[in-house]
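Every number for a ligand or one of its atoms is a count from 1 in the order of the listing.
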Amino acid sequence: MDYQQILESIRRDITPLEKEGKQADYIPALAAVNPDQWGICINTLKGEQYALGDWQVPFSLQSITKVFALAMALSLEGDNLWLRMGKEPSGTAFNSLIQLELEHGKPRNPFLNSGALVMADVLVERLGNPEASFINLVRQLSGCPSIDFNFEIARSEHSVAYLNTAIANLLKYHGNIHGDIDRVLRFYFMICSVEMSCEQLAHAFLAFANHREPFDHAGFALTSSQVKRMNAIMQTCGFYDEAGEFSYLVGLPGKSGVGGGIAAVFPGQYSVAVWGPRLNAKGNSVMGMKTLELLTTHTRQSIF
Ligand code: GLN
């Protein structure tokens, strides 16, 4: 398969979409990112790498980091995690409050903000220094010791965190946050602020593409069955109320973030990271989704 040639043709095909969508601006520091960037990197399990565009430019991972938080929380809690959240698609926006109220403070899945706040509570409760454990894990997964939080992004998000604070309060009211709300929110914004390039992100997701091997990184361990199930949750819940559309168009498990990144895996074959800051109405990258749609179309490979 000549992936590099396929990437070149995808770049030509997506040009008309270059100005479509709008970058996230509800977090002030994200509004300052140049929206006219696009990059992709594929890492195969055989060790090949194919990349194009701005694939070495770091960007804000935002909700993509919920995948790393899930690996940590599952490793610590096992199936007990599912007593505090579900694993069903929500059909709602990532920051919606309505369903959470109707369902008495039990988030539908770990990739909603509510689910991630509960995971943040688990990690704050169980780990002596959750920030250090988190960054240590992502550094190991990406093979890049310089990866870090972006304190300015975290502070910027915290300064306008009206909705996430409301979600955390609702969770606390229902007893689904054990610790101090401010501490949990602070950790959550730190997680969201981590920056990586497509190159580093694709490398970090190899651990999930390699679903037949157990996960054992930085003191966090998952069985191969748990890795497989993480992919299942990415497939059904990784794109909020656009999870069905992503499944339909792309057909790979993946996770998006409002920084415009998407990480996806073709289990047993490769991991891929794409980035384009302009988002559609559901908060997913316009260029990112189209790129992956064309990738699985041209390669005729998806999980279906
Ligand atoms: N930090 C963002 C928020 O909580 C993450 C959302 C996202 O990437 N979908 O709103």
Side-chain angles (χ1 to χ4, degrees), residues 21-33 35 58-70 85 89-100 107-121 123 131 134 138 149-171 177 181-182 184-196 201 205 233-234 236-243 245-246 254-264 273-289:
K22 200 168 157 297
Q23 80 211 84
D25 56 6
Y26 73 99
I27 300 173
L30 282 186
V33 173
F59 60 91
S60 192
L61 293 187
Q62 293 299 323
S63 281
I64 298 173
T65 57
K66 293 179 169 88
V67 177
F68 306 126
L70 178 58
M85 66 187 74
S90 70
T92 61
F94 57 85
N95 51 11
S96 169
L97 273 164
I98 299 169
Q99 200 170 54
L100 189 64
R108 270 287 172 99
N109 68 63
F111 294 153
L112 294 166
N113 288 13
S114 53
L117 284 164
V118 172
M119 293 196 294
D121 182 56
L123 301 180
E131 280 87 358
F134 187 86
V138 295
F149 302 110
N150 180 325
F151 297 93
E152 195 209 326
I153 298 259
R155 245 195 319 272
S156 171
E157 177 161 18
H158 207 161
S159 73
V160 292
Y162 312 111
L163 211 41
N164 281 321
T165 305
I167 293 170
N169 274 291
L170 195 52
L171 290 166
I177 281 188
I181 293 179
D182 286 335
V184 170
L185 281 167
R186 219 172 340 114
F187 178 51
Y188 171 77
F189 298 132
M190 288 289 276
I191 293 178
C192 290
S193 81
V194 169
E195 292 182 329
M196 282 191 206
L201 184 58
F205 265 66
I233 299 172
M234 284 192 238
T236 52
C237 310
F239 297 83
Y240 324 111
D241 43 346
E242 211 169 33
E245 186 75 0
F246 190 82
K255 184 74 203 81
S256 60
V258 291
I262 299 177
V274 280
W275 173 53
R278 293 178 197 271
L279 309 178
N280 64 20
K282 310 276 188 184
N284 296 315
S285 168
V286 174
M287 295 277 272
M289 280 193 56

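- Taking 4.0 Å as the cut-off, N164 counts as a neighbour of ligand 1 on heavy-atom distance.
- Residue G257 has at least one heavy-atom neighbour below 4.0 Å for each of these atoms of ligand 1: 8 (O).
- Interface atoms of ligand 1 facing F94, defined by a heavy-atom separation under 4.0 Å, are 6 (C), 9 (N), 10 (O).
- Taking atom 4 (O) of ligand 1 as the reference point, the nearest protein heavy-atom neighbour is Y188 OH, 2.7 Å.
- Scanning all protein heavy atoms for the shortest distance to atom 9 (N) of ligand 1 gives Y240 OH, 2.7 Å.
- Under the 3.5 Å distance criterion, with hydrogens and angles disregarded, no donor-acceptor pair is assigned to the side chains of N95 and N113.
- No option in L185, L30, N150, I27 other than I27 meets the side chain to side chain contact (heavy atoms under 4.5 Å, CB included) test with E157.
- Ring geometry for Y240 versus F94: interplanar angle of 30 to 60°, hence tilted.
- At least one N or O atom of Y26, backbone or side chain, sits closer than 3.5 Å to an N or O atom of ligand 1.
- Counting heavy atoms under 4.0 Å from ligand 1, residue V258 touches it through both backbone and side chain.
- Contacts between S63 and ligand 1, counted as non-hydrogen atom pairs separated by less than 4.0 Å, involve both the backbone and the side chain.
- Remark: side-chain polar atoms of D25 are not paired, donor with acceptor, to backbone N or O of P28 under 3.5 angstrom.
- Ligand 1 has no atom lying under 4.0 Å from any heavy atom of F189.
- At distances below 3.5 Å, at least one donor-acceptor pair connects side-chain atoms of S285 with backbone N or O atoms of G276.
- Counting protein heavy atoms only, atom 1 (N) of ligand 1 is closest to Q62 OE1, 2.5 Å.
- K66 NZ to N109 CG: the interatomic distance, rounded to the nearest 0.5 Å, is 10.0 Å.
- Ring orientation note: the planes of F189 and H158 are tilted relative to one another, at an angle of 30° to 60°.
- Residues forming a salt bridge (Lys or Arg N to Asp or Glu O under 4.0 Å) with R278 (at least two apart in sequence, or on another chain): D36.
- Here the protein heavy atom with the shortest distance to atom 3 (C) of ligand 1 is E157 OE2, 3.0 Å.
- Remark: ligand 1 atoms within the under-4.0 Å shell around heavy atoms of C192 are 1 (N).
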